[in-house]
**Q** 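Take this structure, written in structure tokens, and hold onto it; I'll ask about it next.
Both ligands and their constituent atoms are indexed starting at 1 by order of listing.
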Amino acid sequence: MFKRILIANRGECAIRIIRSCRELGIESVAIFSKADAHAMHVKKADRSVMIGPDPVKSYLNIHRIVNVALESGCDAVHPGYGFLSENAEFAEEIGKAGLTYIGPSPDAIRNMGSKTQAREAMIAADVPVIPGSEGALGSIEEALELAHGMGYPVMLKAAAGGGGRGIRRCDNDAQLKENYSITQREAMAAFGSDELFMEKCIIEPHHIEFQILADAHGNVVHLFERDCSIQRRNQKLVEIAPSNFLTEKLRAEMGEVAVRAAKAVGYVNAGTVEFLVDKDRNFWFMEMNTRLQVEHTITEAITGVDIVSQQIAIAAGKPLPFKQEDLRINGFAIEFRVNAEDPKNDFLPTPGRITRYHSPGGFGVRVDGCVYPGYVLPPFYDSMCAKLTVSGFDWPTTVMRAQRALGEYDIRGVRTTLPFYRQIAACDTFLSGEFHTGFLEQHPELLDYKPFDAREDIAAAVAVAIAAHAGL
Ligand code: ADP
Ligand code: ADP
Ligand code: MG
């Protein structure tokens, strides 16, 4: 087993990995930018190293991070999610330095990182993929011809895309023509590649993804599914496991396909195979994420498997300690991504000082957070400041627990998505357990809430003003 692991990440994600390290008796080394000197992951790790003045580039500096790992005597590196977690060059450089990358091979990252290449690999493995273009689109003329053949609506997507960006729905020729160059430019700016491809737009789909674990000895299992259909602008906000939409038969079938997909590309470590499922329960492969995922906590809740510990064990060459038939679904779980954003103001990020922080607790409640009272959320990073995961015996119990835990959660000083989630957890569609990706768009009334009690708002503002005046 490893002696010391460098965590090439920050915030809640880094803390999650530090926790598994500690339980495995492995030392953790955190890295931080100057802006993160007061961040919680710096306090929680066994050792922390300042890696540079630039808030964002520091966490992307491959050369520096590999050197810090070597200098601090680490034998492995965990990339977390975001940042360098899907960067094949990073994985490669870690290997070249004689360290172990806790994740899949550089080839797997590269091949699955391109959605067009991934589609080709899946077609070869007899996995159903969303109908669409064969490889990249060469021109707008080709795109128009393909759209006429498939019929509108279609989705124009960036081959290198991620995080919900570089995806545009087109309902007719005019929209396709307009979106083609816009999406190209957007993709180039965000991902450094303007390669586009096209998919049939699936109407009111469910986003259902399967968690995979594959060891270096050829064993591959799935840890069942997560339903991530509650999205805003193609980005997940609330995820549940298992999905209320799948039948036992479909679950088994999709799980088998997900395992086949991973095997087809010789995948090792944790990964996620994402599918879209239409209202008639047809399913198609959408993409594979070659890393730990934000919403892995709900899978941990329903299976009892610590996914990060398994990632570490797999990277250390250990065989999986269970077979597919040993795995069971126990109850339900829901994850809420508590973001420092104002849903009423188009989800604008709200960095600033946290004046009060009370997290919920009790049976079936897990909080993965990285903020504390007095902490100033920097404006440079992802706005997620905590994840609330609740679990319960059945769906209704789990929803009631979610309402209870969201009610206990008290964050002041900055606006968060919590009051919006209280609305979601109390709405009938959520209670019914079945929703597609259009759910939030179809329920704008969920944004009708009072942010916090007006008097408390003023009290918090006064406290901040006094603290600023006193130079605190
Ligand atoms: P999923 O993991 O479900 O695919 P995302 O696409 O949102 O969900 O996951 C990757 C995202 O995680 C990145 O795009 C980034 O916004 C976010 N992220 C990156 N680093 C961190 C971090 N340290 N803490 C929280 N979120 C992060
Ligand atoms: P990312 O890499 O940003 O996660 P994905 O390809 O996984 O991009 O798609 C993200 C989301 O966009 C999906 O969960 C779904 O809501 C929507 N989406 C993507 N492709 C389609 C499609 N062909 N039809 C309908 N919705 C789609
Ligand atoms: Mg995706």
**Q** Should the heavy atoms of other residues, nucleotides or ligands under 6.0 Å from CD of E441 be counted, would the total exceed 12?
**A** no

**Q** Have a look at ligand 2 and work out which part of N289, if any, has a heavy atom under 4.0 Å from it: side chain, backbone, both or neither.
**A** neither

**Q** At a threshold of 2.8 Å, where the distance has to be below it, does the Mg ion (ligand 3) have an N, O or S atom of E274 nearby?
**A** yes

**Q** When you look at CD of E434, are more than 12 heavy atoms from neighbouring residues, nucleotides or ligands closer to it than 6.0 Å?
**A** yes

**Q** Within the distance-only criterion (no hydrogens, no angle test), does the side chain of R260 pair as donor or acceptor with the backbone N or O of D126 below 3.5 angstrom?
**A** yes

**Q** Can you find a non-hydrogen atom of K157 under 4.0 Å from ligand 2?
**A** yes

**Q** Need the ligand 2 atom indices (1-based, order shown) with element for anything under 4.0 Å from a heavy-atom of H207.
**A** 13 (C), 14 (O)

**Q** Does ligand 2 have an atom under 4.0 Å from some heavy atom of K200?
**A** yes

**Q** For the pair N9 (side chain) and P79 (backbone), establish whether a donor and an acceptor sit closer than 3.5 Å, ignoring hydrogens and angles.
**A** yes

**Q** So, the side chain of E300 versus the backbone of I307: is there a donor-acceptor pair under 3.5 Å, distance only?
**A** yes

**Q** Would you mind listing which atoms of ligand 2 come within a distance below 4.0 Å of any non-hydrogen atom of E287?
**A** 1 (P), 2 (O), 4 (O), 5 (P), 7 (O), 8 (O)

**Q** Check whether T417 reaches the backbone of N339 with its side chain - one donor and one acceptor, N or O, closer than 3.5 Å.
**A** yes

**Q** May I ask you to check if ligand 2 and I130 share an N or O to N or O distance below 3.5 Å?
**A** no

**Q** Could you name the option among K115, H206, E86, R233 that has the heavy atom nearest to atom 5 (P) of ligand 2?
**A** K115

**Q** Would you find more than 12 non-hydrogen atoms of other residues, nucleotides or ligands less than 6.0 Å from D428 atom CG?
**A** no

**Q** If you measure from the Lys or Arg side-chain nitrogens to the Asp or Glu carboxylate oxygens, is any gap between D36 and R10 under 4.0 Å?
**A** yes

**Q** Has Q310 got a side-chain atom pairing as donor or acceptor with D306's backbone, closer than 3.5 angstrom?
**A** no

**Q** Provide the atom name of the closest N, O or S atom of E287 relative to the Mg ion (ligand 3).
**A** OE2

**Q** Any N or O on I202 sitting closer than 3.5 Å to an N or O of ligand 2?
**A** yes

**Q** Does the pair R226/E335 count as a salt bridge with the N-to-O cut at 4.0 Å?
**A** no

**Q** Judged on heavy-atom distance to atom 12 (O) of ligand 2, which of N234, L156, V154, I208 sits nearest?
**A** N234

**Q** Would you mind checking if E195 and K115 are paired as a salt bridge, meaning a charged N to carboxylate O distance below 4.0 Å?
**A** no

**Q** Ignoring angles and geometry beyond distance, decide whether G164 reaches within less than 3.5 Å of ligand 2 through its nitrogen or oxygen atoms.
**A** yes

**Q** Less than 6.0 Å separating the ring centroids of F430 and F439?
**A** no

**Q** Distance under 4.0 Å to a non-hydrogen atom of G161: what atoms of ligand 2 satisfy this?
**A** 2 (O)

**Q** Please identify which atoms of ligand 2 are closer than 4.0 Å to at least one heavy atom of E274.
**A** 7 (O)

**Q** Could you walk me through whether E204 and Q442 pass the side chain to side chain donor-acceptor pair (under 3.5 Å) check?
**A** CA-CA 11 Å; E204 303 190 339; Q442 290 175 0; 3.1 Å; yes

**Q** Just jot down the ligand 2 atoms closer than 4.0 angstrom to any heavy atom of Q231, in number order.
**A** 11 (C), 13 (C), 14 (O), 15 (C), 16 (O)

**Q** List every atom of ligand 2 that sits less than 4.0 Å from any heavy atom of C201, numbering the atoms from 1 in the order shown and giving each element.
**A** 24 (N)

**Q** Any idea which of E199, R165, R232 brings a heavy atom closest to atom 23 (N) of ligand 2?
**A** E199

**Q** Hey, are Y152 and D173 close enough side-chain-wise for a donor-acceptor pair under 3.5 Å?
**A** yes

**Q** Taking a cutoff of less than 4.0 Å between a non-hydrogen atom of the residue and any ligand atom, is Q235 in contact with ligand 2?
**A** no

**Q** Go through ligand 2 atom by atom and flag the ones less than 4.0 Å from a non-hydrogen atom of G162.
**A** 1 (P), 2 (O), 3 (O)

**Q** Can you figure out which of E209, H436, M155 has its heavy atom closest to atom 18 (N) of ligand 2?
**A** M155

**Q** Would you check whether T437 has a nitrogen or oxygen atom less than 3.5 angstrom from a nitrogen or oxygen atom of ligand 2?
**A** no

**Q** Enumerate the atoms of ligand 2 whose separation from the nearest heavy atom of L276 is less than 4.0 angstrom.
**A** 21 (C), 22 (C), 24 (N), 25 (C), 26 (N), 27 (C)

**Q** For R169, which part has a heavy atom under 4.0 Å from ligand 2: side chain, backbone, both, or neither?
**A** neither

